[in-house]
Amino acid sequence: MRSSHPRSAAVAALVATALATGLLAGSADAAEGAVSADPIRIHDIQGTTRISPLNGKQVTDVEGIVTGVRTYGSRGFWIQDPDADDNDATSEGVFVFTSSVPTVAVGDAVKASGTVGEYVPGGLTSGNQSVTQISKPTVTVVSSGNALPEATAVNEYTVPAEYAPAGDPAAGGSINGLALEPSRYALDFYESLEGMNVRIGTSRVVGATTPHSELWVTVKGWENTARRGGTVYGSYESQNTGRLKIQQLAPLAQQPFPVANVGDKLTGTTEGPLDFNQFGGYTLVARTLGTVKAGTLAPEKTKPQVAQELAVATYNVENLDPTDPQEKFDALAKAVVENLAAPDILALEEIQDDNGAKNDGTVSAEQTLTKFTAAITAAGGPAYQWRTVNPEDKKDGGEPGGNIRQVFLFNPARVSFTERAPGDAVTATGVVKENGKAALTHSPGRVDPANPAWADSRKPLAGEFVFRGKTVFVIANHFGSKGGDEGLTSHHQPPVRSSEAKRLLQAQAVNGFVKDILAADKNANVLVLGDINDFEFSATTDALADGGALYPAIKSLPKAERYSYVYQGNAQVLDQILTSPAIKKFTYDSVHINAEFAAQNSDHDPQVLRFRP
């Protein structure tokens, strides 16, 4: 949601930046000429690129019909010219930013005077596209109760298959200055409708209702369909053009937002202005919202391992700490027992210290783990033991004061943990050869903790286990987040993914450690798992697998089942288990219990791998 503070400084900065980088469409002379010509219409303001040719200029008596009024967040209203030009590239709608609660109503014919600007949701450094708007407005209502301009249909026939043009190299990869081609590119199509009244018909939900009262649908029901109803993000070129975010104009106190899960349908007509915001880009802000028809999606349950199978799982439990309600512990515990079939080894990510986000130097997580393992036992699960290495205070990123870390839980009735001079936060575990086999110098121990790749990030936790007489090395990870990456709707195309550099170094460090184990014993059973925070097709995953040291086991699944997380309507892989060459036969399951649902115990789906060492 856009903030409602005055933006004159931001607008001035944007204009200066746009001029300096050559992104400002048109020229000052052309803009002056436009101002002095016939009365300015909305399509003159919008122009044929993403940046208004009148950016920074005063306009007078711009006419339009009010199609939506927003009384909260970024307060203002949208107007649309009912008399469209014959150029599909020019939008006929524009947002009028009032800062205070608008006094106009839908159906009013108005004349608006003010300053044309380009507002960038999230700020200039976010990479987001800008919203063309009129600010500091003087508004005159000419008449009321007018029919609204007919809504433009957004559907599988109108949205192009290609996502975006390549950015202009001379403009740093930006598409801001390129002429819109709405019949060729999906982002250009949406941009050509910025601020206009649009509608969708019955559409499948591909992103569940969030706490921010939004959901995602696809208007292309066939596009990269996940087996359970979502839309799979399977490559950097599969952005999924049919995805669209839905919010509502009505305040929540007046009209609660519907709760929907992936696979549900938003039925009937959903209609309203097309906005752009920093959290997902193009958004249909519904004046009329369709009705959610619930589907049949239920949380999955994996198959229990047989006696000879070792079941190893990974689960990001989203900042679990003792101050969380008991209900969260109980729900997570029930999932471990019922949905994950009580795996023999469970690597947890985001276990916080004993007082959570309280920033007082506490690093122990004993209370957190005591409470969680007790909840698992109470849910009918095994009496798990745990092993971990406490981090240094405030050195591993995550929520300030939380000191998140990875932890091994294991069922001592099925597997034993090999204790070898347990390491501390700053001591690296190494690999030695004992009796022709690989062994860790510290178990549990941290992998290469002094490596700059792990600065302000979670260090990998390595442990040595024995199952039915066979040694299994497990390395639990929580790689750096995607924070700072530009969204798919960035004005840079392709978007800048700056966070990848750190994960690439982290992957190389882990790959090197695995190669050390395999150098000591090429037949070693090694599992690398955790919240890798990157896709199975990413450079991060390629670096983990380098030299054939590891195989991303999620690739054994059909493409329609490869996901552990849903972000902005894209079902995608973040959590992974990778196997060493000795693990030739296994079964893999991405257990979908959270990511597709509005009610979540975590935002990640756990992963389980079963094999016979």
Side-chain angles (χ1 to χ4, degrees), residues 305 308-314 343-347 387 406 408 410 415-418 420 428-448 459-479 503-504 506-532 534 536-557 573 575-590 607-613:
Q305 63 274 30
Q308 299 82 13
E309 282 183 320
L310 178 68
V312 183
T314 176
D344 302 310
I345 301 171
L346 174 58
R387 296 292 187 275
Q406 295 88 266
F408 293 126
F410 64 96
V415 66
S416 64
F417 187 85
T418 303
R420 293 185 190 272
T429 187
V431 180
V432 293
K433 197 166 186 174
E434 286 186 359
N435 302 319
K437 300 288 185 181
L440 300 181
T441 57
H442 300 282
S443 176
R446 297 181 119 189
V447 176
D448 201 10
K459 286 72 176 169
L461 177 70
E464 197 175 321
F465 297 84
V466 175
F467 175 73
R468 298 175 68 87
K470 298 289 183 68
T471 296
V472 179
F473 299 94
V474 185
I475 304 165
N477 302 272
H478 186 182
F479 283 10
R503 285 193 300 281
L504 182 62
Q506 294 177 341
Q508 289 168 343
V510 173
N511 174 265
F513 185 74
V514 173
K515 285 176 178 172
D516 288 345
I517 297 175
L518 297 179
D521 179 4
K522 67 178 182 180
N523 294 316
N525 294 302
V526 185
L527 292 170
V528 168
L529 76 178
D531 179 359
I532 303 301
D534 224 334
E536 78 279 17
F537 51 82
S538 66
T540 302
T541 300
D542 289 347
L544 277 171
D546 180 71
L550 294 167
Y551 171 71
I554 200 163
K555 287 186 176 181
S556 68
L557 298 179
V573 169
D575 307 84
Q576 298 196 49
I577 302 177
L578 298 93
T579 58
S580 65
I583 305 172
K584 292 180 172 62
K585 291 184 178 179
F586 59 81
T587 55
Y588 189 88
D589 196 357
S590 182
Q607 313 291 295
V608 179
L609 183 140
R610 296 179 292 271
F611 76 108
R612 301 186 184 203

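Note: hydrogens, waters and symmetry copies are ignored here, and every other heavy atom, side chains too, is used. In this chain, residues are counted from 1 in sequence order.
Note that the CZ atom of Phe473 and the CG atom of Leu440 stand 5.0 Å from one another [nearest 0.5 Å]. Note that the OG1 atom of Thr418 and the CZ atom of Phe465 stand 8.5 Å from one another [nearest 0.5 Å]. The line from CD of Gln406 to CD1 of Ile475 is 11.5 Å long, rounded to the nearest 0.5 Å. Taking OG1 of Thr429 as the reference point, atom CG of Leu461 lies at 9.5 Å (rounded to 0.5 Å). In this structure, CD on Gln506 lies 9.5 Å from NZ on Lys459, to the nearest 0.5 angstrom. In this structure, CG in Leu578 is found 9.0 Å from NZ in Lys555, a value given to the nearest 0.5 Å.
Residues forming a side chain to side chain contact (heavy atoms under 4.5 Å, CB included) with Asn511 (at least two apart in sequence, or on another chain): Lys515, Asp546, Ala549. Residues that satisfy the side-chain hydrogen bond (donor to acceptor under 3.5 Å, both in side chains) test with Thr541, not counting sequence neighbours, are Ser538, Gln576. Looking at residues two or more places apart in sequence or on another chain, you find a side-chain hydrogen bond (donor to acceptor under 3.5 Å, both in side chains) between Arg503 and Ser499, Asp534.
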Given Ile577 and Val312, is the side-chain contact (heavy atoms from CB on, under 4.5 Å) satisfied, shown in steps? CA-CA 9 Å; Ile577 302 177; Val312 183; 5.5 Å; no

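Between Glu464 and Lys437 there is no salt bridge, since no side-chain N of the basic residue sits under 4.0 Å from a carboxylate O of the acidic one.
A pairwise comparison of heavy atoms in Val431 and Ala520 identifies CG1-CB, 4.1 Å as the closest pair. Of all heavy-atom pairs spanning His442 and Ala428, the tightest one is CD2-O, 3.4 Å. Between Pro613 and Gln308, the shortest heavy-atom distance links the atoms CD-O, 4.3 Å. The shortest non-hydrogen separation linking Arg610 to Ala311 is CG-CB, 3.9 Å. Between Ala313 and Val608, the shortest heavy-atom distance links the atoms CB-CG2, 3.8 Å. Of all the heavy atoms in Ala539 and Leu504, the pair that sits closest is O-CD1, 3.7 Å.
Side chain of Asn477 to backbone of Pro460: no donor-acceptor contact under 3.5 angstrom is found.
The side-chain heavy atoms of Val474 and Phe410, taken from C-beta on, include no pair separated by under 4.5 Å. Considering only heavy atoms from C-beta on, Leu609 stays 4.5 Å or farther from Gln607 through its side chain. Counting heavy atoms from C-beta outward, Ser580 and Ile517 have side chains that stay 4.5 Å or more apart.
Classified by interplanar angle (parallel below 30°, tilted 30° to 60°, perpendicular above 60°), the ring pair Phe417/Phe408 is tilted.
Put simply, the residue from Leu527, Thr314, Val415 that forms a side-chain contact (heavy atoms from CB on, under 4.5 Å) with Ile345 is Val415.
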